[in-house]
Amino acid sequence: MPELPEVEVTRQGITPHLLNQTVSALVVRNASLRWPVPQVAQNIVGQTITHIRRRAKYLLIETQAGITIIHLGMSGSLRILPASTPIEKHDHIDMLLANGQVLRFNDPRRFGAWLWYELPEENHPLLARLGPEPLSEAFNPLQLQQAIANKKKAIKLCLMDNHIVVGVGNIYANEALFAAGIHPQTPAAKVDIARLTVLVTEVKRILALAIKQGGTTLKDFTNADGKPGYFAQKLHVYGRGGQTCTHCGNLLSEIKLGQRTTVFCGRCQTR
DNA sequence: ACTACAACCTGGGGGC
DNA sequence: TGCCCCCAGGTTGTAG
């Protein structure tokens, strides 16, 4: 489920339930995630949660002793529930709180991650080399232009490259390129600064709107309270290959780019 | 260094 | 119903 908006919606949902709470136990039913859940993840037990932050699509649950790093992968989700709630299929991890609540991690495909780190998180190998946050000032037309100055690969692949900008996955890359009128296959370095300026604006606008709408619910995304998101109603191209362009009525094209389905309007997205 | 793409998993949907 | 194939929100690791 998660691109940046879905992760941010999750963060906002779990934060009030976790902040200043003490962890009473960590129950790992299935440690086979993207990487094995390490034994040291248990170091959070007895700790009090001081901050819940997000970097790219990683959630960081901070304590004095260290940070739990969570990634939802393709199909992960986090819920806040009473600890007595029955376990369902793919409920792999429970972080039990002293107040009787539980943070429950469910992930059918197990592409997600649950890690523990005791140094400043900017040093963590997974986080150290990430590009700027898309909703920050650090992501701007000049930064983007410099980052892709020598890139021959498609602009869409660059938009989805975590070294260039984080948090833009397949849904929002398709949507932002449509909104900016840029053909997804255009070699990145050939997109002029005027177009890049529009692209940056659209990425920020679309991500912010998706967060406000509670994320995009495609199959089963729900926030920490079990409620769906409503951004799917605003999608112009993603999942609409072969249907008509909402702007010009042209039939939308569908191709593969970097193994990912790419939908665009050949008339509106020129370059 | 850049680019391409296989791999990690499960489940749902379509075709036969 | 059942089987087989393809597809899916992400990211790393490897090979060229």
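Order of the sequence lines sets the chain letters (A, B, ...), proteins ahead of strands, with each chain counted from 1.
With P as the reference atom, B:dC5 and C:dC7 are 15 Å apart, rounded to whole Å. Rounded to a whole angstrom, the distance from the P atom of C:dT14 to that of B:dC9 is 16 Å.
Using a 3.5 Å distance cut-off with no hydrogens or angles, the side chains of A:T261 and A:K256 do pair a donor with an acceptor.
Checking A:Q259, A:E3, A:E175, A:K156 one by one against A:N170, the side-chain hydrogen bond (donor to acceptor under 3.5 Å, both in side chains) holds for a single residue, A:K156.
With sequence neighbours left out, the side-chain contact (heavy atoms from CB on, under 4.5 Å) criterion links A:V37 to A:V28, A:A31, A:L33, A:A41, A:I93, A:W114. The side chain to side chain donor-acceptor pair (under 3.5 Å) test applied to A:T186 returns no partner, not counting sequence neighbours. In terms of the side-chain contact (heavy atoms from CB on, under 4.5 Å) criterion, residue partners of A:D91 (sequence neighbours excluded) are, by chain and number, A:R29, A:I87, A:E88, A:R104, A:N106.
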Short N/O separations, protein against nucleotides 8-10 of chain B, under 3.5 angstrom:
unit_1	atom_1	unit_2	atom_2	d
B:dC9	O3'	A:R110	NH2	2.8
B:dC9	O2	A:R109	NE	2.9
B:dC9	N3	A:R109	NH2	3.4
B:dT10	OP1	A:R110	NH2	2.7
B:dT10	O4'	A:P108	O	3.3
B:dT10	O3'	A:H90	NE2	3.3

Hey, what are the protein-to-nucleotides 2-5 of chain C N/O distances that come in under 3.5 Å?
none

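Shown for residues 54-61 of chain A: residues whose heavy atoms fall under 4.0 angstrom of DNA chain C, namely A:K57, A:Y58. DNA chain B is contacted by no residue of residues 113-130 of chain A, taking any non-hydrogen atom closer than 4.0 Å. Within residues 252-266 of chain A, the residues having any heavy atom under 4.0 Å from DNA chain C are, by residue number, A:K256, A:R260, A:T261.
Within 6.0 Å of CG in A:D192 there are more than 12 heavy atoms belonging to other residues, nucleotides or ligands.
When distances run from any side-chain atom of A:E3 to the nucleotides C:dT11, B:dT3, C:dG9, the shortest one goes to C:dG9. When each of C:dT12, C:dG10, C:dG9 is scored by its nearest atom to the side-chain atoms of A:I171, the top-ranked nucleotide is C:dG9.
Screening residues 231-244 of chain A for salt bridge (charged side-chain N to carboxylate O under 4.0 Å, His left out) gives no qualifying pairs among residues at least two apart or on separate chains. For residues 32-58 of chain A, the pairs satisfying salt bridge (charged side-chain N to carboxylate O under 4.0 Å, His left out) are A:E8-A:R54, A:R53-A:E62, A:R53-A:E121, A:R54-A:E133, A:R55-A:E133, with sequence neighbours left out.
Judged purely by atom type and a 3.5 angstrom limit, A:E202 has no side-chain atom pairing as donor or acceptor with the backbone of A:L199. In this structure, A:R11 contributes its side chain and A:I52 its backbone to a donor-acceptor pair below 3.5 Å. The backbone N or O of A:P134 sits less than 3.5 Å from a side-chain atom of A:K204, completing a donor-acceptor pair.
Closest approach of A:G241 to A:E254, counting heavy atoms only: CA-OE1, 3.4 Å. When all heavy atoms are compared, the tightest approach of A:P141 to A:I193 is O-CD1, 3.8 Å.
Between A:H71 and A:Y58, the ring-plane angle classifies as perpendicular under the 30° and 60° cut-offs.
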Exercise. Yes or no on side-chain contact (heavy atoms from CB on, under 4.5 Å) for A:V27 and A:L96, after CA distance, side-chain angles and deciding distance?
Worked result: CA-CA 8 Å; A:V27 179; A:L96 291 151; 3.7 Å; yes
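For DNA chain C, runs of at least 3 consecutive pairs of the Watson-Crick or G-U wobble type, with both hydrogen-bonding distances under 3.5 angstrom, map to B:2-8 with C:10-16, B:10-16 with C:2-8.
Cluster note: A:V237 groups with A:F178, A:L252, A:V263 through ILVMFWY side-chain heavy atoms spaced under 4.5 Å, whether in direct contact or through intervening members.
Checking the phosphate oxygens (OP1, OP2) of B:dC2, a side-chain nitrogen or oxygen of A:K151 falls inside 4.0 Å.
Counting heavy atoms from C-beta outward, A:V168 and A:V203 have side chains that approach closer than 4.5 Å.
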